[in-house]
Amino acid sequence: MPLDLSLLNPQQRQAVLTTEGPVLVLAGAGSGKTRVIAHRVVHLLERGVPAKAILAVTFTNKAAAEMKERIARLAGGTPESRRVLVSTFHAFGVRVVREQHGKVGLPARFAILDAGDQAALVKRLLRDLKVDDKRFDVGRLLGILSRLRTGGAPGHPDDEYELCAAELLPKYELGLRAMGAVDFDDLLILPLKLFAEHPEALEQYRARYRYLIVDEYQDTNDPQLKLLELLAGLRRNLCVVGDDDQSIYAWRGAQVRHIQQFDRKFPGCVEIFLEQNYRSNGNILEAANAVIGKNPGRKPKRLWTDRGRGPNVRVVAAPSDEEEAKHVADEIIRISYEEKIPPREIAILYRTNAQARPFEEALRLAGVRYRVVGGTSLFDRKEVRDLIAYLKAALNPRDEIALLRIVNVPARGIGDQTVAKAQELTRARKCPVWDVFSDAPAELAHAAGRIVEFVALMRKYGGRLGAKGFSEAARELVEEVGLFEEARRGAQNVAAQARKLEAMEALLRQLIEYEKREEQKAAERSLASGADDGEPFASGLSGYLNRLALDSKEADGEGGDAVTLMTLHGAKGLEWRCVFLCGLEEGLLPHSGRGFDDAGVEPRAEGALNLEEERRLCYVGMTRARERLVLTRAVERVKRGKPVPRTPSRFLEDIPPDLVDLIDLSGPRPAAPKAVQEAKARSFFASMTELLGDPEPAGQAPARPGRAPR
DNA sequence: ACCGGTTTTATTTTT
DNA sequence: TAAAACCGGT
C-alpha cells in the first residue's frame, strides 16, 4: 500500500518529496522531524531506490534502532525496508574500518578504547615521558588531543597543556596502532584517511550509498562533515535535519555553524523550515521560546502550536535539594492519581548525573517505580571493568591497557617492580609487553614462575574466548582466576559485596544472551539465501566488546512502567506528558564548569560557562514536555558534604510571569494531600507484600526501584 | 609484595 | 560524601 502523505503538513511533505540534491530541514522541537525522516526513506523506497543505497545517520544507537523500527513499520514490515542502513557516525566508521582494515593498518579484530582506557594510555605515556602525571588533568589532555586530531581550532600555543598534548600526540597514536586499537575519533579519522589515500575505496562507498540522510545535524563535528561531503560527492543527495537551537555538544567538537552555514557548503540547497509544534501545550512552548529567544545568531524560527495553552508552568523553590526531591516525588504521586498520568509518561531531568541521588532516594521512599538512564552504569564499576579487561587481554594480549590492568588482579605476585622491569625491557627491545612476558620471563627475576603461569592462563583462554562458547569460557575464567573472591574481599560491607557480585553476574548473563542471539541470527541468515554483509561488527566476543564501547549505556530493556531519570543531554529527542526540570540554579543550569562554591561565578579562562549552549540545554529540557512542565530549584544544596546557598537560574527570569505558577516551599512542609498519603500507604503494603514473598502485587508502584540493566 | 587504615581529592554533559 | 590515592607495618 502506498505511502500516505496527506497527514503531513506542506513543509513536511516538501521535505519528504525533495529527494534529489542537498536539502536542509530546520526542524524545531516537536515539529515531527523523525516522522519526516521515516517518510522520506519510505518514499525513496517506493520510488524504486534500493534499500542498500540509503544511509541514514543518527546520533545515538538508540535513535538508530527506533528509526529502523519506524521505517519498517511505515513500509508495512517488508524485508526490503529493513535493509536500509541506519547507524551512528561511529558505527558507520566501525563498518568501514572493519571492511578495509588492511588498508588502514589494523587487524580484523581491533579493539575500541573507551574513555577509561584512553586515560590509562595517556597516563602511561606521561610516565614514559617522566612527566609528573599529577601536574596534568588527564581528561583535559584527552580533550586537547581530540581537538588536535580532529582538526579543531588550535589552542593558545604556549599553554602548558597544549604543549604537553602536542608532545603526547604522536606517541598516543603509535600506542594505539601498536595495540591494534582505535579510539572514538579514529572511527571518523581512519575512514577519512582511507578515502584520501585510496580513491577507489571512496568510489566504492559513493556508489553504494546514493542517498544520505542525517539526523541531529547541529551536533556534527568537523570530521563528520568531511565524511558527508566525501560520500555525497558530486551527486550531493544529502538531506540534513536538525535544529540550531538544540545544539548541545560543542564540548565534544560539534559545530553549530555546520547547520547555520549549510547553504554555503552546499550552494543551491533547498531550505525547509518546520515550525509547527505538535508536542507541547501553548504555555510550555511560549515559555521555552522566551528562554531561547535571548540567544543571538539563531536561524530565525517561530514555533507555533494550535493546541490549547494548558496549565501554567510551575516554578518551585524548595529549601534544599532533599526537599526538592521530596516535592517532586509527592507531585508525581498526586499527578498520577489526579490526572492518571502513568509513570512512563513522567521524566525528571537534570544537568548533572550527580543530581540523581536525592531523587532516587525520595522516589524509593515514596514507592514510585523509576529508572535511571545513563550515569554510572554496570560498565563503570571497577569489578566489571576488571572482568572486561580480562576478556580483552586474553583475546588480544597486545592490548596493553587491559593486560597491565589485570596482570596483578587479584594479587598474584607480579607487583609494580616486576611490571616496571617488563616495561623497561619493552622499551629497549621495542616490542609489546606481552612478548616480554611470553618470551623472556626469566629476565623478570623471581617473579618468573608467576609470569609463566599468567602467560599460560591467557593462552588457555585466549583461544576459547575467540571461538564458540565464549560465554561459558568467560565464566570459567572468572572462576579460575578468583574474581568473585577478589570482589568479595574488596567490599566494605555486605551490601556492597552483593552489589559487586551481582554486577559481575549481570555481565556474564549478558554474554550468554549475546551469544545465544548471535547464533540465532547466524542460523536465520544461513537459511535465507542471500549471505548478507549487513553485519558491521566482528563476530563473537570481540564483536560484543566493540559494541560495548559504542553502546554501553543504552538501556534496551524497558523495565516496566517507570518514571525516567536522566540528564538533559540524554533527553534530547525524547518526550513525556509531564517533565520535571530540576536544579534551575546559577552554576548548575547554567552550569559554570568549575568551582561554583558560593556565588557561583568564577569564570575560567577556557571554555567555561558557555551561556548560549546552557540556554539551549534549558530549552531542550523544557520542550520535552507535552502537557505539564515543572521547573524546580533548591535554595540551599548539599555539595561535598556541606550545604551551600544557591541563587535562582537567570533562565527563570526570562519566562513571562503570566505563564507561571510560583510555588515557594520554604517553611514547614504542609501535610501531604490525601491522595499522596493513600498512595504511600498503598506502596508500603505493596513493599511488605513483596518482602513476604507474595507474588508481584497487581496495583501500581511496587517499591523496588529499577536500574535498567541493559 | 600485600594488606588495612588514613588522607586527599574531586564534581558536566557522551559517541 | 564517597571513592581513589597514599602510607607504613608486616
Side-chain angles (χ1 to χ4, degrees), chain A residues 57-64 87-94 112-116 118 133-134 137-140 142-143 146 150 182-188 216 219-221 223-224 247-254 349-358 373-377 379-382 408-419 445-447 450 489-492 496 546-554 566-572 583 587-597 604 607-610 613-614 616-617 620-621 637-644:
Chain A
V57 182
T58 59
F59 195 64
T60 66
N61 291 292
K62 189 164 154 233
S87 90
T88 64
F89 275 105
H90 295 271
F92 179 74
V94 171
I112 302 173
L113 263 51
D114 66 20
Q118 287 178 283
D133 55 350
K134 299 191 68 173
D137 173 22
V138 178
R140 200 170 147 193
L142 278 171
S146 176
T150 57
V182 300
D183 67 6
F184 287 122
D185 289 329
D186 279 325
L187 293 175
L188 307 171
E216 308 285 13
D219 288 322
T220 52
N221 62 20
Q224 289 167 338
S247 168
I248 55 175
Y249 283 96
W251 50 273
R252 212 168 76 187
L349 306 181
Y350 36 76
R351 177 64 228 271
T352 68
N353 281 308
Q355 285 168 261
R357 288 268 169 164
V373 179
T376 323
S377 76
F379 307 97
D380 297 327
R381 298 173 149 278
K382 194 170 64 195
N408 201 31
V409 176
R412 57 164 67 84
I414 305 175
D416 296 344
Q417 302 273 332
T418 309
V419 170
H446 74 284
R450 306 289 167 99
R489 204 180 45 76
Q492 302 309 1
N546 274 193
R547 279 194 161 81
L548 198 57
L550 295 177
D551 240 16
S552 54
K553 59 261 164 211
E554 276 168 23
M566 64 164 88
T567 64
L568 288 168
H569 284 87
K572 194 173 63 164
L588 202 49
L589 184 63
H591 200 277
S592 55
R594 264 59 167 102
F596 47 94
D597 300 32
R604 272 199 49 89
L609 196 114
N610 182 345
E613 180 145 318
E614 295 295 318
R616 292 192 288 263
L617 216 32
V620 166
R637 184 173 291 275
V638 176
K639 210 74 200 172
R640 197 153 95 204
K642 291 281 167 276
V644 173

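Note that the structure is a prediction, hence the values are computed from the model and not measured. Below, chain A is the first sequence line, B the second, and so on; all start at residue 1.
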Checklist line | Base-pairing mate for dT13(B) - Watson-Crick or G-U, with both contacts under 3.5 Å | finding: none

Item checked: From dA1(B), dT15(B), dT14(B), nucleotide with atom closest to Thr88(A) side chain -> dT15(B)

Margin query: How close do Asn61(A) and Leu550(A) get, counting heavy atoms only, and between which atoms?
Written below: ND2-O, 3.2 Å

Checklist line | Under 4.0 angstrom between Thr567(A) side-chain N/O and dT12(B) OP1 or OP2 | finding: no

Margin query: Can you list everything that forms a salt bridge (charged side-chain N to carboxylate O under 4.0 Å, His left out) with Asp186(A)? Sequence neighbours excluded, please.
Written below: Arg149(A), Arg177(A)

Margin query: Please classify the nucleic acid contact of Phe59(A) as base, sugar-phosphate, or nothing, using heavy-atom distances under 4.0 Å.
Written below: sugar-phosphate

Notebook entry, point to check: For dC2(B), does OP1 or OP2 lie under 4.0 Å from any side-chain N or O of Asn408(A)?
Noted result: yes

Check: When rounded to the nearest Å, what value does the distance between C1' atoms of dA5(C) and dT12(B) take?
Finding: 23 Å

Item checked: Which nucleotide in dC2(B), dT12(B), dT15(B) has an atom nearest any side-chain atom of Thr352(A) -> dT12(B)

I'd like a table of atom pairs between the protein and nucleotides 6-8 of chain C - only N or O on both sides, under 3.5 Å - with the distance next to each one.
{"residue": "dC6(C)", "atom": "OP1", "partner": "Lys134(A)", "partner atom": "NZ", "Å": "3.1"}

Check: Are any of Asn353(A)'s side-chain N or O atoms less than 4.0 Å away from OP1 or OP2 of dT13(B)?
Finding: yes

Notebook entry, point to check: Donor-acceptor pair, Arg412(A) side chain versus Arg450(A) backbone, under 3.5 Å?
Noted result: no

Next item on the list: Using a 4.0 Å heavy-atom cut-off across all strands, classify Arg450(A) as base, sugar-phosphate, or nothing.
Entry: nothing

Check: Taking C-beta and beyond as the side chain, do Ile248(A) and Val620(A) meet within less than 4.5 Å on heavy atoms?
Finding: yes

Checklist line | Euclidean distance, Leu617(A) CG relative to Asn610(A) CG, rounded to 0.5 Å | finding: 10.0 Å

Item checked: Nearest-Å distance for atom pair CG/C1', residues Leu548(A) and dT15(B) -> 13 Å

Margin query: Should Trp251(A) be counted as stacked on dT12(B), where stacking needs a ring-centre gap under 5.5 Å and an angle between planes under 30 degrees?
Written below: no

Next item on the list: Would you confirm whether the ring centroid of His591(A) sits within less than 6.0 angstrom of the ring centroid of Trp251(A)?
Entry: no

Next item on the list: Measure the distance from NZ on Lys639(A) to P on dT12(B) and round it to the nearest whole Å.
Entry: 9 Å

Note to self: I'd like to check, for His569(A), whether its ring lies over the base of dT12(B) with centroids under 5.5 Å apart and a plane angle smaller than 30°.
What the structure shows: no

Next item on the list: Measure the spacing between CD of Glu216(A) and OG1 of Thr58(A) and express it to the nearest 0.5 Å.
Entry: 8.5 Å

Notebook entry, point to check: How many Å lie between CG on Leu188(A) and C1' on dT15(B), as a whole number?
Noted result: 9 Å

